[in-house]
Amino acid sequence: MRLPRPTGSTSTRSIRPSSSDARGATSLSLGPLDEQACRRLVAYLVDARPGERLVAQAQRAAGNPLFVCELVGALVASGSVVRTGKRADI
């Protein structure tokens, strides 16, 4: 399983200085991943085109990228993800 890396294009709702941190930290608010972004993240993690059952499981993470990564990682580690050619599914 590959781990995601940040890219230059990030979809954000707001970036603002945090008023609660005296050191001037920046707060970054992100919205949930949409269905296509979730599918792309799963494809990246398994390095294959994800099948519908795998995507359906990942979408149970409600768009939270950390949960998607953890869920897919657990499925891969348990041997539940089966690759057939360029496709991966459970």
Side-chain angles (χ1 to χ4, degrees):
M1 185 177 99
R2 301 182 327 171
L3 296 176
R5 302 263 186 249
T7 63
S9 61
T10 304
S11 174
T12 63
R13 287 191 184 170
S14 65
I15 299 175
R16 64 191 186 298
S18 175
S19 59
S20 63
D21 189 350
R23 294 179 297 224
T26 299
S27 175
L28 177 63
S29 298
L30 301 174
L33 298 175
D34 62 19
E35 182 179 343
Q36 283 297 83
C38 182
R39 186 178 294 273
R40 285 192 311 267
L41 177 56
V42 173
Y44 178 82
L45 294 170
V46 298
D47 196 25
R49 191 175 55 152
E52 293 306 313
R53 289 181 291 182
L54 180 55
V55 171
Q57 282 295 316
Q59 287 176 341
R60 295 180 69 201
N64 184 317
L66 173 62
F67 293 164
V68 171
C69 291
E70 291 294 319
L71 177 62
V72 172
L75 290 169
V76 168
S78 71
S80 298
V81 176
V82 178
R83 288 181 55 127
T84 306
K86 295 182 179 183
R87 187 175 184 93
D89 210 347
I90 55 175

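This one's a predicted model, so the numbers in the text were calculated from it and none came from an experiment.
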Exercise. Which salt bridge (charged side-chain N to carboxylate O under 4.0 Å, His left out) pairs, counting each pair once, include a residue from residues 79-90, with sequence neighbours left out?
Worked result: Arg53-Asp89
Which pairs would a plain distance check flag for residues 31-38, meaning a side-chain donor or acceptor within less than 3.5 Å of a matching protein atom at least two apart in sequence or in another chain?
residue	atom	partner	partner atom	Å
Asp34	OD1	Gln36	N	3.3
Asp34	OD1	Ala37	N	2.7

Can I get a per-line list of side-chain donor-acceptor pairs under 3.5 Å for residues 59-68, giving both atom names and the distance, sequence neighbours left out?
residue	atom	partner	partner atom	Å
Arg60	NH1	Gln57	OE1	3.4
Asn64	OD1	Leu66	N	2.9
Asn64	OD1	Phe67	N	3.3

For this session: Go through the steps for Arg39 and Arg49 under the test side chain to side chain contact (heavy atoms under 4.5 Å, CB included), then give the verdict.
Result: CA-CA 9 Å; Arg39 186 178 294 273; Arg49 191 175 55 152; over 6 Å; no
Exercise. Taking a hydrophobic cluster as the set of Ile, Leu, Val, Met, Phe, Trp and Tyr residues connected by side-chain heavy atoms closer than 4.5 Å, whether directly or through intermediates, do Leu41 and Val55 fall within one such cluster?
Worked result: no
For this session: Locate the shortest heavy-atom distance separating Cys69 from Leu45; write the atom from each residue and the value.
Result: CA-CD1, 3.8 Å
Problem set entry | Heavy-atom closest contact (Ala88 atom, Val46 atom, distance) | CB-CG2, 3.9 Å
